[in-house]
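Worksheet: one structure, shown below.
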Amino acid sequence: MNVQFKKGVLELCVLVLLDKRDCYGYELVQEISEKIHISEGTIYPLMRRLTKDGYFTTYLVESSEGPSRKYYKLTDIGKEYLGQLLEEWQEFTEGVNDLIKGGVHND
């Protein structure tokens, strides 16, 4: 898949997953990777930026499999931002789908 496509939707994917439940970084990578091929290195800078912007909070949870895991939790501001992105995504995909299906004709 085109790298620019991925970059554009990755933020939305992360927000949607965190709206369903709190996750740690590697878990997010795994879930997204099932649908879209991404690398771990793509997610962590995005997570840092979105946390800095106030869309997530983080907390640590002890793990029996190694070090504590940092979980990400969507904030109220993050939920508002997600709603905004979903509206924009809907408008965008409808427009693109119309063009693909031939909804616009230039004669």
Side-chain angles (χ1 to χ4, degrees):
M1 178 186 272
N2 181 296
V3 174
Q4 291 304 103
F5 282 171
K6 284 186 204 178
K7 284 184 181 180
V9 299
L10 198 53
E11 186 172 303
L12 179 59
C13 292
V14 167
L15 288 162
V16 165
L17 289 173
L18 287 176
D19 190 41
K20 294 176 184 173
R21 71 179 198 291
D22 299 357
C23 297
Y24 57 94
Y26 184 70
E27 188 177 23
L28 287 168
V29 171
Q30 292 299 108
E31 286 206 36
I32 294 170
S33 291
E34 288 177 12
K35 307 287 183 192
I36 306 167
H37 177 71
I38 60 162
S39 67
E40 271 185 70
T42 314
I43 287 283
Y44 291 105
L46 173 66
M47 299 303 292
R48 279 192 296 276
R49 181 177 59 79
L50 292 173
T51 302
K52 184 180 171 215
D53 290 345
Y55 300 134
F56 308 143
T57 57
T58 61
Y59 59 93
L60 293 177
V61 174
E62 293 289 324
S63 171
S64 59
E65 302 168 11
S68 298
R69 292 181 173 155
K70 182 194 283 189
Y71 276 77
Y72 294 87
K73 178 179 180 64
L74 202 57
T75 62
D76 290 340
I77 294 168
K79 289 178 183 185
E80 287 176 28
Y81 182 57
L82 172 58
Q84 213 179 323
L85 286 181
L86 285 171
E87 283 180 27
E88 291 173 9
W89 177 254
Q90 189 67 38
E91 288 175 22
F92 176 75
T93 55
E94 284 175 10
V96 170
N97 287 333
D98 283 349
L99 288 170
I100 291 170
K101 293 173 187 171
V104 175
H105 297 286
N106 290 328
D107 297 335

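Given the structure is predicted, the values throughout are model-derived calculations rather than measurements.
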Exercise. Mind checking whether Val96 and Ile100 have side chains closer than 4.5 Å, heavy atoms only?
Worked result: yes
For this session: Examine distances only and state if a side-chain atom of Thr75 and a backbone atom of Gly54 form a donor-acceptor pair shorter than 3.5 Å.
Result: yes
Exercise. Does any non-hydrogen side-chain atom of Met47 lie less than 4.5 Å from one of Pro45?
Worked result: no
Problem set entry | Lys35 bridged to Glu31 by N-O distance under 4.0 Å | no
Problem set entry | pair Glu88-Phe92: side-chain heavy atoms closer than 4.5 Å | no
Exercise. Would a hydrophobic clustering, with Ile, Leu, Val, Met, Phe, Trp and Tyr connected at side-chain separations under 4.5 Å, put Tyr71 with Ile77?
Worked result: no
Exercise. Any side-chain heavy atom of Leu82 sitting closer than 4.5 Å to one from Tyr55?
Worked result: no
Problem set entry | Distance in Å, Ile32 CD1 paired with Cys13 SG, rounded so as to fall on 0.5 Å steps | 5.5 Å
For this session: Without swapping roles, check the side chain of Tyr59 against the backbone of Lys73 for a donor-acceptor pair under 3.5 Å.
Result: no
Exercise. Taking all atoms of both residues into account, what is the closest heavy-atom pair of Ile43 and Gly25, and its distance?
Worked result: CG2-O, 4.5 Å
Problem set entry | Check: Asp19 side chain, Leu15 main-chain N or O, donor-acceptor pair, under 3.5 Å | no
Exercise. In Å and rounded to the nearest 0.5 Å, what is the CD to CD distance from Glu91 to Glu87?
Worked result: 7.0 Å
Exercise. Does any N or O in the side chain of Thr42 come within less than 3.5 Å of the main-chain N or O of Ile38, such that one atom is a donor and the other an acceptor?
Worked result: no
Exercise. Can you tell me if Glu27 uses its side chain to pair, donor with acceptor, with the backbone of Tyr24 under 3.5 Å?
Worked result: yes
For this session: Find out if a path of hydrophobic residues (ILVMFWY) with successive side-chain heavy-atom gaps under 4.5 Å connects Tyr26 to Leu46.
Result: no
Problem set entry | same_hphob_cluster(Tyr44, Val14) at 4.5 Å side-chain heavy-atom cutoff | no
Seminar exercise, completed: Between Leu50 and Phe56 the two heavy atoms that sit nearest each other are CB-CE1, 3.4 Å
Problem set entry | Pairwise side-chain contact, Val61 with Ser68, heavy-atom cut-off 4.5 Å (strictly under) | no
Exercise. Asp53 versus Arg49: any side-chain heavy-atom pair under 4.5 Å?
Worked result: yes
Problem set entry | Ion pair check, Arg69 and Glu62, cut-off under 4.0 Å | no
Exercise. Are Leu74 and Leu60 joined in one hydrophobic group, where the rule is that I, L, V, M, F, W and Y side chains link up if heavy atoms are under 4.5 Å apart?
Worked result: no
Seminar exercise, completed: Value for CD (Gln90) from CG (Leu86), rounded to nearest 0.5 Å, stands at 8.5 Å
Exercise. What is the minimum heavy-atom distance between Leu18 and Tyr72, and which atoms define it?
Worked result: CD2-O, 3.4 Å
